[in-house]
Every structure is written in C-alpha cells, then in structure tokens.
Chemist: 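Before I ask anything, let me first share the structure, which is written out below as structure tokens.
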Amino acid sequence: MNEQERLRRWRLVLGGAAGGGFRELTGAEAAMDAALGALYDGGDDDSRAKGRSAGLGGSAPRVARWLGDIREYFPSTVVQVMQQDAIERLNLTSLLLEPEMLAAVEPDVHLVGTLLSLNRVMPDRTKELARQVVRKVVAELERRVAQKTRAAVTGALNRATRVNRPRHADIDWDRTIRANLKHYQPEQRTIVPERLIGYGRRTSAVQRDVVLCVDQSGSMAASVVYSGVFSAVLATMRSLRTSLVVFDTAVVDLTDQLSDPVEVLFGTQLGGGTDINRAIAHSQTLITRPQESIFVLISDLYEGGVRDEMLRRVAAMVGSGTQVIVLLALSDEGAPAFDHENAAALAALGVPAFACTPDMFPELMAAAIERRDLRAFAERAAER
C-alpha cells in the first residue's frame, strides 16, 4: 500500500476530525465520507462544517437512500456491520417497520433477529416483505449447513450402529484392528481377528430422538435464527425424530412447523424473561427413549425460574442416559455474557456449557450420536 492510499484510508477513518493534514476528498471518496459520517460522526457544528453530516434523521426515505449508498461504496460484509451499528447507535428499529427501508437493507442474521423481535408490532403492509427478507437469509443458511449436517449425522449414525457379524463390505477395519491387537502373530506379522466389528446396515427406522430447547430472550437472537435452521434440517432426516421447543417465561413447541423454517422463526418471540426449568420440564415429556435421546439446551443460563429444580431435572436426564448438551450460544459471535454459577453447576453434573459456531454444530451432533466425551469437544471449541 502506497503512502497516498494509506493517507486516504486514514482520512476516511478519522472523518472531519482529521484536520488539514489530508487532501480534500472529492467524488466517490466524498460520498463514502458522507455515508460514514451519517453514522459515526458526533453531529456537532464543527464536523458538519468539515463536510460530514451526522445522523440519518427520522425519515425512512432518507435512511433508504443511505442504505443504497453504503451498498454502492462498501462490500457486503462491511454493509452488514454498518447496518447493525445504525440500528443500535441511531435507534432505527422503528424504521424497519417501513417497507421502503426494509427493501433497501442487506439481509443478514442480525437483521432477521431484529425483524423477529418486531414481529408482534409489525404492520400488515410490512410483514410479507419481512418474510421475504427472512426467507432469503434462511435459504442462504440452509445452503451453508444442510449438506454438512446431513453427512455428519448420517456418518455418525452408521458408526454408532455396529454389528459383530458384519459382511465383508461392512467391516470397520480401524476398530476391528484396535480390538484385536492382542491377537497379533509376530511370525506371520499379522493380526488374526477374534471379533469383527462392522458398521450397521442402513435403516429407515428412527435411531435417535433430538430435542432442541432454545432460549428466545433478546440476547439470544442469532442463536434462535441458527437453531431454527438446524432444527428444520435435522427434521428432514428420517433416522432422527426432531423436536423444537422455544421459551422465555412461557414455553412454545414449534415441532409441527419444522417443515418451514421461516414459519418456525416467526413463531418465536424474542425478548422477555427466562424460565429454563419450565422449558426443561416440557422437554422431558418429549423424551420417551432416554438412552437414544439427545437434549440440546441453548441458553445463556440466566434462570428466572426455580434454579435448584432446573439442576435436578438436568441431573435426572443425565442419570437416565440422555445425552445432554448445553450451548451458551449457537452463532458466529462467540460466547455471550452468561451465568457462570449455573454453568459451573452443570459442569459438576458432567454437562459442560460452551459456545458453538454454526460450522461446528454438525460435528457436535455427530459426537453426541456416538456418545463421545463432550468435555473434550468443549475444550476444542474454546480453543477455536
């Protein structure tokens, strides 16, 4: 990068506060500066005198024009960051109820979370457009995760269903060799297997029951979006019986809507309090085969219900043989603020609580199906 390009970038970063040590911006650079200033400048008289006018005002058409400008001058990853900053810094949430603004935004997970939080107050003229925005994001997320999820889960189910009298094509040679190392014959330099271990044959029967229990408090917005998409993908697999429960202080079972992830997401209601104990109590009624069940709680663990009873319910699940997973977040944002005391109490029960990215979730489900040590998985997730 040459000196002129470095100075240009610093001028755009600093805005009007840069002073007179930089050349004057013209053309597209001036337009970029104005778009940045509308969002990030403080809006005092001095900054406006230097050419950057802060604030987007209360007009939806003006905001829509600004959204068009940033899409013209910045890449989509930067646009998404600027949109999120605009919603948070300039309190533009109410303007998302306007169709002309909604049509101008770059759809992403954060926008979907905001729209879902506005679902109950959204006017009818905006709802259909909001559904189109959500459907576009959901379709992109499904393309990102569906194939990897199905492959990971199918492979894990095949490995978990092993037989001791396999056909030759079904022999799991790695596990067979490890199980028969004591039968190594030095003179022949080979292993004479006493026991063959094979992959189970493919079956259309339900092999695992999966219950996802998702906290829909406001801080969990991105996790709610990803959970809805993953639930819908898992529900397409005949070898799994997938249920989806969302909760705040009330509990809603969305299992019957899993054929349409957009309907699932619009069935949530972001915000409100949290009663994890009540949600787990409902989830327990869905678990009829504990040894073949996986329970995934996605929550920051801030419990507004009865904490001791919540922990007793988790202990009962673990004791019955259910594979219990607690995710503090299912998103690309890392671990949110969470209740460390409850996380420690769950760890003492043998249930580590950790954040998981969407890209790691298929591997996590495979590990759970094979009943691998999830504490080791949690450590690797933290390292990533």
Side-chain angles (χ1 to χ4, degrees), residues 58 60 63-64 67 80 83-142 145 212-233 235 242-276 278-279 282 298-300 302 304 329-333 336 358:
V63 175
L67 288 166
Q80 292 172 7
Q83 287 179 172
Q84 188 68 18
D85 285 350
I87 292 170
E88 294 174 357
R89 293 166 63 97
L90 304 179
N91 194 27
L92 298 185
T93 301
S94 60
L95 286 180
L96 286 176
L97 302 178
E98 301 293 336
E100 58 266 39
M101 180 182 174
L102 195 53
V105 294
E106 184 80 18
D108 69 347
V109 170
H110 300 292
L111 177 62
V112 170
T114 302
L115 292 177
L116 296 180
S117 69
L118 298 172
N119 183 29
R120 298 297 185 268
V121 298
M122 193 177 291
D124 291 339
R125 65 195 181 99
T126 308
K127 280 188 176 180
E128 183 52 39
L129 184 56
R131 285 180 178 272
Q132 293 175 22
V133 171
V134 173
R135 193 170 296 280
K136 180 177 180 180
V137 174
V138 166
E140 180 58 36
L141 292 178
E142 282 189 305
V145 306
L212 285 90
C213 185
V214 186
D215 184 343
Q216 59 179 350
S217 57
S219 61
M220 302 295 292
S223 297
V224 169
V225 176
Y226 281 113
S227 299
V229 172
F230 274 114
S231 298
V233 171
T242 303
S243 303
L244 175 64
V245 174
V246 298
F247 67 94
D248 41 37
T249 53
V251 179
V252 180
D253 193 322
L254 297 177
T255 303
D256 61 351
Q257 298 180 35
L258 285 177
S259 60
D260 187 345
V262 175
E263 288 302 317
V264 167
L265 294 179
F266 274 95
T268 64
Q269 185 173 349
L270 291 171
T274 309
D275 192 336
I276 303 173
R278 176 178 290 187
H282 176 79
I298 303 173
S299 173
D300 54 16
Y302 287 109
L330 177 56
S331 72
D332 289 311
E333 301 171 342

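One is the number of the first residue; the rest follow in order along the sequence.
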Chemist: Rounded to the nearest 0.5 Å, what separates atom CG in L212 from atom CG in L254?
Modeler: 11.5 Å
Chemist: Provide the closest heavy-atom pair for S227 versus L330 in the form atom of the first, atom of the second, distance.
Modeler: OG-CD2, 3.8 Å
Chemist: Which atom names give the shortest non-hydrogen contact between L115 and M122, and what distance separates them?
Modeler: O-CE, 3.7 Å
Chemist: Atom CD in Q216, atom OG1 in T249: separation rounded to 0.5 Å?
Modeler: 9.0 Å
Chemist: Quick check: closest heavy atoms across V229 and E142, and the distance to 0.1 Å?
Modeler: CG1-CG, 3.8 Å
Chemist: So E263 and R135, salt bridge (Lys or Arg N to Asp or Glu O under 4.0 Å) or not? Walk me through it.
Modeler: CA-CA 9 Å; E263 288 302 317; R135 193 170 296 280; 5.1 Å; no
Chemist: Hey, does the side chain of T255 reach the backbone of L244 with a donor-acceptor pair shorter than 3.5 angstrom?
Modeler: yes
Chemist: Looking at CG of N119 and CZ of F266, how far apart are the two atoms once the value is rounded to the nearest 0.5 Å?
Modeler: 5.5 Å
Chemist: With a 4.5 Å heavy-atom cut-off, do V246 and V224 have their side chains touching?
Modeler: no
Chemist: Roughly how far apart are K127 NZ and L102 CG, rounded to 0.5 Å?
Modeler: 13.5 Å
Chemist: Under 3.5 Å, is there a donor on one side chain and an acceptor on the other for D332 and Y226?
Modeler: yes
Chemist: Give the minimum heavy-atom separation between P107 and V133, together with the two atoms involved.
Modeler: CB-CG1, 3.9 Å
Chemist: Nearest heavy-atom pair of I276 and S299: which atoms, and what distance?
Modeler: CD1-OG, 3.6 Å
Chemist: Decide yes or no for D300 and S217: does some side-chain heavy atom of the first lie under 4.5 Å from some side-chain heavy atom of the second?
Modeler: yes
Chemist: Taking the six-membered ring of F247 (Phe, Tyr or Trp), confirm whether the NZ or CZ of R278 is under 6.0 Å from its centre and within 45° of its axis.
Modeler: no
Chemist: To the nearest 0.5 Å, how far apart are OG1 in T274 and CG in D248?
Modeler: 7.5 Å
Chemist: Considering the options D108, L111, L116, which one meets the side chain to side chain contact (heavy atoms under 4.5 Å, CB included) requirement together with V225?
Modeler: L116
Chemist: Would you say the side chain of M220 lies within less than 4.5 Å of the side chain of V214, judging by non-hydrogen atoms?
Modeler: no
Chemist: State, to 0.1 Å, how close S223 and A329 come at their nearest heavy-atom pair, and which atoms those are.
Modeler: OG-CA, 3.5 Å
Chemist: Could you tell me whether a side-chain N or O of T268 sits under 3.5 Å from a main-chain N or O of V264, the two making a donor and an acceptor?
Modeler: no
